[in-house]
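See structure below.
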Amino acid sequence: MAEYDYDLLVIGAGPGGYVAAIRAAQLGLKTACAEGRETLGGTCLNVGCIPSKAMLHASEYFEAAAGGAMESMGVEVKPKLNLDTMHAQRIDAVGGLTKGIEFLFKKNKVDWLKGYAKFKDAHTVEVNGETKTAKEVVIATGSSVTPLPGVEIDNSKHVVVDSTGALELPKVPKKLVVIGGGVIGLELGSVWRRLGAEVTVVEFLDQLLPGMDMDVRKEAAKIFKKQGMELKLSTKVTGCTVKGKKATLTLEPAAGGDSETLDADCVLVSIGRRPNTEGLRLENIGLETNQRGQIEVDHEFRTSVEGVRAIGDVVPGPMLAHKAEDEGIAVAEWIAGQTGIVNHDVIPGVVYTWPEIAGVGLTEEAAKERGAVKVGKFPMMANSRAKTNHEPDGFVKVIADAETDRVLGVWCIASVAGTMIAQAAQAMEFGATSEDIAYTCHAHPTHSEAIKEAAMGVLGKPIHM
Ligand code: FAD
Ligand code: NAD
């Protein structure tokens, strides 16, 4: 029988990889995790979810004070931006959380192999010149920014940047152009707009936020415009020249036509992310990627190579930290001989702008393709808590199967939509009908009552409208 150094070797310590490693160790497997970054936690903790939320949260306070929202509630302040302190609290949040993972690795006896791993064969990898063997290997190498041909990113110069560069700008740009009206562009565009930048979003498609419900996409565009963002939809960037501290972009209608130029002090390229497989030497194990560069897996996260599994951003599905984490738990459970389940139909998504935008399950468009639906919608304007808090923008929409009443999707725009969507995900996980939600007692006054009212709307009887 073959002897291995480890039962499991995970490559990559992002939310997918570190969670898989900890869960496997908890289940009694001798586990190692290779990570080339200087700190654990992957994209999410180091340059993604956490630092972006640190800047979003702080800039939200700044705008509330500077934009008059607090004054209207009787709190008069004249804020002064100290960007260095704002960055320091972001760095502090990242430091605390990444060290927390290091502590959890030690506590659970997961060996951190420091360095980038490459395959020698399906059970053998090389990390920093050392060879390690494992009975099972999980690839959790995540994703990186998709480059845009003709627009060269150089984070060190702070002129043309990706999300990592946009988190660390040393001063507020006067004019920021965001290429790509997706999640990153809107979140980081919001940060700098709140701190004083003029923000223009250039989006190739005719609406922002592809993949979300069309009502949500249209309403989001109205809200961002109202907040002062300029939106150039159905527009593509065809070139970028940088002179000193200024960039000039060339734009064209997506369908073709006359070009125009747009000047900027800073350009954020946020047109998506692509899986990290380069450098793994997949050719040494005969593992091929699909057309999108992803590693295909079955429901046990097995690749086409015996003993090698994959999870997180490197496999198909939404590129979200919580999806990667759940896959991390499930893959460890499969490897330990248990049954690991991830319901890929019920993965919530949240955009942490103001207000927040969240959804779970099918969009109305996708649900209608499968059959007849009933839809209930309730505006936040009619929700007592949102109205009292001066947060009138947004709505909740519940989409249910017309025949069975089973909830197929829930979409919200609300100040706390990210928190509200959890109950919708849980209800859908339990196969709830809209009636189940409508007859669940919700605390008053809460924003979540809007979910109950939208569910009542599916049955045709909201109270407060
Ligand atoms: P990653 O987190 O990308 O981790 C992979 C790790 O593998 C990296 O640390 C990398 O260094 C390491 N690695 C790669 N190759 C090797 C190798 N050969 N050997 C050793 N190590 C290797 N998602 C959310 O759900 N909510 C959010 O609010 C959110 N905000 C985001 C904000 C930004 C700005 C960005 C960029 C992303 C955000 N995301 C968010 C997405 C989220 O970060 C990813 O979906 C998540 O990190 C994916 O986890 P993962 O474990 O698959 O990969
Ligand atoms: P995205 O896919 O969300 O958005 C990219 C946008 O760029 C799309 O609207 C697309 O149509 C547009 N686009 C593509 N090519 C273009 C071009 N040439 N010109 C103009 N527009 C173009 O990607 P992202 O915003 O870069 O985020 C990457 C990933 O990170 C996403 O999958 C997202 O799930 C994840 N993320 C999640 C969160 C969150 O959960 N809150 C936050 C940030 C990032």
Side-chain angles (χ1 to χ4, degrees), residues 10-20 33-53 55-56 98 113-119 125-128 139-146 148-151 162-164 166-167 178-189 201-212 217 232-238 251-252 254 268-281 310-315 317-325 327-328 347-353 356-358 418:
V10 182
I11 306 179
Y18 85 71
V19 168
C33 183
E35 172 56 62
R37 243 180 239 278
E38 304 223 327
T39 46
L40 301 172
T43 303
C44 176
L45 269 60
N46 288 283
V47 291
C49 326
I50 296 306
S52 61
K53 267 78 251 177
M55 294 303 280
L56 279 157
T98 54
L113 309 177
K114 295 187 182 178
Y116 287 96
K118 50 189 178 212
F119 281 100
V125 300
E126 191 188 306
V127 187
N128 222 355
I139 302 172
T141 47
S143 63
S144 314
V145 177
T146 305
L148 179 58
V151 185
D162 60 18
S163 55
T164 302
L167 285 166
V178 173
I179 310 178
V183 195
I184 292 183
L186 294 170
E187 287 189 355
L188 296 181
V201 178
V202 181
E203 167 57 49
F204 185 81
L205 300 174
D206 61 354
Q207 285 295 339
L208 304 171
L209 294 169
M212 294 207 136
R217 296 172 70 187
K232 284 186 174 290
L233 304 177
S234 305
T235 305
K236 63 183 173 196
V237 173
T238 52
L251 315 180
E252 257 180 40
L268 163 59
V269 181
S270 49
I271 60 163
R273 293 177 62 83
R274 59 182 188 184
N276 290 332
T277 53
E278 266 176 38
L280 275 173
R281 300 266 170 87
I311 56 167
D313 279 10
V314 83
V315 307
M319 288 181 163
L320 295 172
H322 41 283
K323 178 252 189 193
E325 285 188 47
E327 290 181 347
I347 299 204
V350 182
V351 189
Y352 296 87
T353 46
E356 291 178 347
I357 303 167

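If you read the sequence from its start, that first residue is 1, and numbering goes on from there. Numbering of ligands and ligand atoms starts at 1, following listing order. Values below: all heavy atoms of this structure, side chains included; hydrogens, waters and symmetry mates excluded.
- Checked by distance only, ligand 2 and Lys236 stay at 3.5 Å or farther apart across all their nitrogen or oxygen atoms.
- Among all non-hydrogen protein atoms, the one lying nearest atom 16 (C) of ligand 2 is Ile271 CG2, 3.5 Å.
- Residue contacts with ligand 2, taken as heavy atom pairs separated by less than 4.0 Å, do not involve Thr146 at all.
- Under 4.0 Å from any atom of ligand 1, one finds heavy atoms of residues Ile11, Gly12, Ala13, Gly14, Pro15, Gly16, Gly17, Ala34, Glu35, Gly36, Arg37, Gly42, Thr43, Cys44, Val47, Gly48, Cys49, Ser52, Lys53, Gly115, Tyr116, Ala117, Ala140, Thr141, Gly142, Ser143, Ser163, Ile184, Arg273, Leu280, Gly312, Asp313, Met319, Leu320, Ala321, His322, Ala324, Tyr352.
- Looking at Gly418, Ser270, Gly180 and measuring to atom 5 (C) of ligand 2, the nearest heavy atom belongs to Ser270.
- None of Leu188, Val178, Ile179, Leu148 except one satisfies the side-chain contact (heavy atoms from CB on, under 4.5 Å) rule with Ser270; the exception is Val178.
- Between Leu148 and ligand 2, a contact under 3.5 Å exists for no N or O pair.
- Of all protein heavy atoms, the one lying nearest to atom 9 (O) of ligand 2 is Glu203 OE1, 2.6 Å.
- Under the 4.5 Å side-chain criterion, counting only non-hydrogen atoms from C-beta, Ile271 is not in contact with Phe204.
- Within the structure, every pair that satisfies the salt bridge (Lys or Arg N to Asp or Glu O under 4.0 Å) test and touches residues 178-188, not counting sequence neighbours, is listed here: Lys53-Glu187.
- Residue Arg273 places no N or O, backbone or side chain, under 3.5 Å from any N or O of ligand 2.
- No side-chain heavy atom of Glu356 sits less than 4.5 Å from a side-chain heavy atom of Leu56.
- Residue Gly349 places no heavy atom under 4.0 Å from ligand 2.
- With respect to atom 19 (N) of ligand 2, the closest heavy atom belonging to the protein is Ile179 CG2, 3.8 Å.
- Geometrically, ligand 2 and Phe204 share a nitrogen or oxygen pair separated by less than 3.5 Å.
- The contact set between ligand 2 and Pro210, taken as ligand atoms under 4.0 Å from a residue heavy atom, comprises 8 (C), 9 (O).
- Closest to atom 44 (C) of ligand 2 among all protein heavy atoms lies Ile184 CG1, 3.2 Å.
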Criterion side-chain hydrogen bond (donor to acceptor under 3.5 Å, both in side chains) on Thr39 and Asn46, from CA distance to verdict: CA-CA 8 Å; Thr39 46; Asn46 288 283; 2.5 Å; yes
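- Among protein heavy atoms, the minimum distance from atom 39 (C) of ligand 2 is reached at Val350 O, 3.3 Å.
- Within a 6.0 Å sphere centred on CZ of Arg37, other residues, nucleotides and ligands contribute more than 12 heavy atoms.
- Not a single heavy atom of Pro318 sits closer than 4.0 Å to an atom of ligand 2.
- Val183 N, 3.3 Å is the protein heavy atom nearest to atom 3 (O) of ligand 2.
- The protein heavy atom nearest to atom 35 (C) of ligand 2 is Met319 O, 3.3 Å.
- Of the protein's heavy atoms, Gly272 CA, 3.3 Å lies nearest to atom 23 (O) of ligand 2.
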